[in-house]
Amino acid sequence: MLEIKNLSKSYGNVVALNNVSFDIKDGEFVFLTGHSGAGKTTLLRLLLRQILPDSGQIIFDGVDIVNLKKQEVPKIRQRMGVVFQDFKILPERTVRENIEVALAVINLPKGEWKARVNHILDLVELSERADFFPAQLSGGELQRVAMARALVVNPKIILADEPTGNLDWVTAEKIISLFDHVNKEGKTVIIATHNQAIVAKMKKRVIELKAGEIVRNEYL
Ligand SMILES: Nc1ncnc2c1ncn2[C@@H]1O[C@H](COP(=O)(O)OP(=O)(O)OP(=O)(O)O)[C@@H](O)[C@H]1O
Ligand SMILES: [Mg+2]
């Protein structure tokens, strides 16, 4: 579903990615690891087409992401769920409203919102918190709101950047199990993380970057 070919990206004279190539098949669960500055976030941002590479190709479901026409970008983005570390949760909206934002973006008819949101709240075990505001939630709960918002549009792939970054071990494990559950239901999952303990425990595919190059690509 994803073919990365000879991808390179620099910021000025900082080389963030240098000639990176790999494939990810439908339904895979992949950890993207590497030290701070290795290029993980850059790679995720390229996949999301938030930034463009200097050279190389990204083929997602047969579509060339790099050379996409501007009007085709939203259609592709709809198939990608994103969970970033800073959550990007709106503080003045409830949990339910935060999730609905994602449905508004894809223009889903309002009549269908309630059922879709209820289903996802149930999945992330936040049904009881639907009408709470973000300030009333714990870090793990906020992370689950971010996941719910990513999942509610029913994407083919979930991209997460350090989703367990600020969480304690037990909470981090729960979040990762949720990604595992979603993966077992058929979604492709890519998680960028420093958390070597989680990576070792989950025994999934690992792609490790070092100074913008792949130094490890294996199935644990
Ligand atoms: N917007 C930017 N402008 C300039 N340099 C950048 C920018 N974003 C990233 N970089 C540089 O590119 C390199 C790769 O950064 P990136 O954020 O991809 O690393 P990372 O693996 O996600 O690190 P971390 O684990 O700390 O999140 C780093 O040297 C970083 O300083
Ligand atoms: Mg990063």
Side-chain angles (χ1 to χ4, degrees), residues 2-24 28-60 65-66 68 70 73 76-77 80-89 139-140 142-147 149-150 155 157-169 171-173 175-176 178-180 182-183 187-202 204-220:
L2 200 53
E3 296 164 64
I4 314 287
K5 292 179 195 160
N6 307 107
L7 202 60
S8 293
K9 173 74 183 174
S10 295
Y11 302 99
N13 52 19
V14 177
V15 179
L17 284 181
N18 183 18
N19 204 27
V20 164
S21 302
F22 61 88
D23 288 353
I24 291 179
E28 278 201 83
F29 189 126
V30 181
F31 283 114
L32 197 57
T33 65
H35 291 131
S36 183
K40 305 180 294 294
T41 299
T42 299
L43 183 51
L44 291 180
R45 294 188 65 206
L46 286 164
L47 300 182
L48 288 163
R49 209 182 185 276
Q50 287 179 354
I51 53 173
L52 290 170
D54 300 325
S55 57
Q57 279 186 303
I58 303 170
I59 314 288
F60 173 64
I65 298 273
V66 177
L68 214 53
K70 212 173 175 185
V73 173
I76 291 293
R77 278 298 314 276
M80 302 175 168
V82 194
V83 185
F84 274 8
Q85 193 177 7
D86 58 1
F87 307 136
K88 300 210 166 68
I89 303 289
L142 283 171
Q143 191 57 272
R144 282 183 280 146
V145 176
M147 281 188 73
R149 199 188 36 196
I157 185 167
I158 297 277
L159 303 165
D161 199 357
E162 214 62 72
T164 61
N166 303 313
L167 307 175
D168 63 64
W169 171 254
T171 313
E173 255 196 314
I175 292 290
I176 295 294
L178 203 51
F179 279 103
D180 200 28
V182 162
N183 172 249
K187 296 194 194 307
T188 307
V189 172
I190 304 179
I191 300 178
T193 185
H194 288 116
N195 194 329
Q196 286 306 327
I198 292 266
V199 172
K201 178 163 187 239
M202 296 302 292
K204 304 288 186 183
R205 182 175 176 192
V206 181
I207 297 177
E208 182 179 341
L209 291 169
K210 190 174 181 186
E213 296 184 11
I214 294 183
V215 292
R216 180 158 74 123
N217 182 357
E218 65 178 348
Y219 295 82
L220 296 186

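In each ligand, atom 1 is the first atom listed, and ligand 1 is the first ligand listed. Being a predicted model, the structure only gives us computed values, none of them experimental.
- A salt bridge is absent between E208 and K210; no separation between the charged side-chain nitrogens and carboxylate oxygens falls under 4.0 Å.
- Ligand 1 has no N or O atom lying under 3.5 Å from any N or O atom of A16, backbone or side chain.
- Closest protein heavy atom to atom 27 (O) of ligand 1: T41 OG1, 3.8 Å.
- Checked by distance only, ligand 1 and H194 come closer than 3.5 Å through their nitrogen or oxygen atoms.
- Residue L17 is tested with N19, V20, V15 for a side-chain contact (heavy atoms from CB on, under 4.5 Å); the sole match is V20.
- Under the 4.0 angstrom criterion for non-hydrogen atoms, R45 is not in contact with ligand 1.
- Given atom 26 (O) of ligand 1, the protein heavy atom at minimum distance is S36 OG, 2.6 Å.
- What sits closest to atom 18 (O) of ligand 1 on the protein, heavy atoms only, is T42 OG1, 2.6 Å.
- The pair D161-R45 fails the salt-bridge criterion, with no side-chain N (NZ, NE, NH1 or NH2) lying under 4.0 Å from an Asp/Glu carboxylate O.
- The shortest N or O to N or O distance between V14 and ligand 1 is not under 3.5 Å.
- In summary, T41 places an N/O/S atom under 2.8 Å from the Mg ion (ligand 2), meeting the contact criterion.
- What you find for I89 and A146 is that their closest heavy atoms are CD1-N, 3.9 Å.
- Shortest non-hydrogen contact noted between D54 and S10 is OD2-N, 2.6 Å.
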Residue pair I4, L46: steps toward the side chain to side chain contact (heavy atoms under 4.5 Å, CB included) verdict:
CA-CA 10 Å; I4 314 287; L46 286 164; over 6 Å; no
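- Here is the list of ligand 1 atoms found below 4.0 Å of a heavy atom in H35: 21 (O).
- In this structure a side-chain-to-backbone donor-acceptor pair under 3.5 Å is present from K187 to P155.
- In this structure, A192 and P163 approach most closely via the heavy-atom pair O-CD, 3.7 Å.
- For atom 23 (O) of ligand 1, the choice among G12, S10, G37, G34 with the nearest heavy atom turns out to be G37.
- Within a 4.0 Å radius of atom 30 (C) of ligand 1, the protein contributes no heavy atom.
- Ranking protein heavy atoms by distance to atom 9 (C) of ligand 1, first place goes to Y11 CE1, 3.3 Å.
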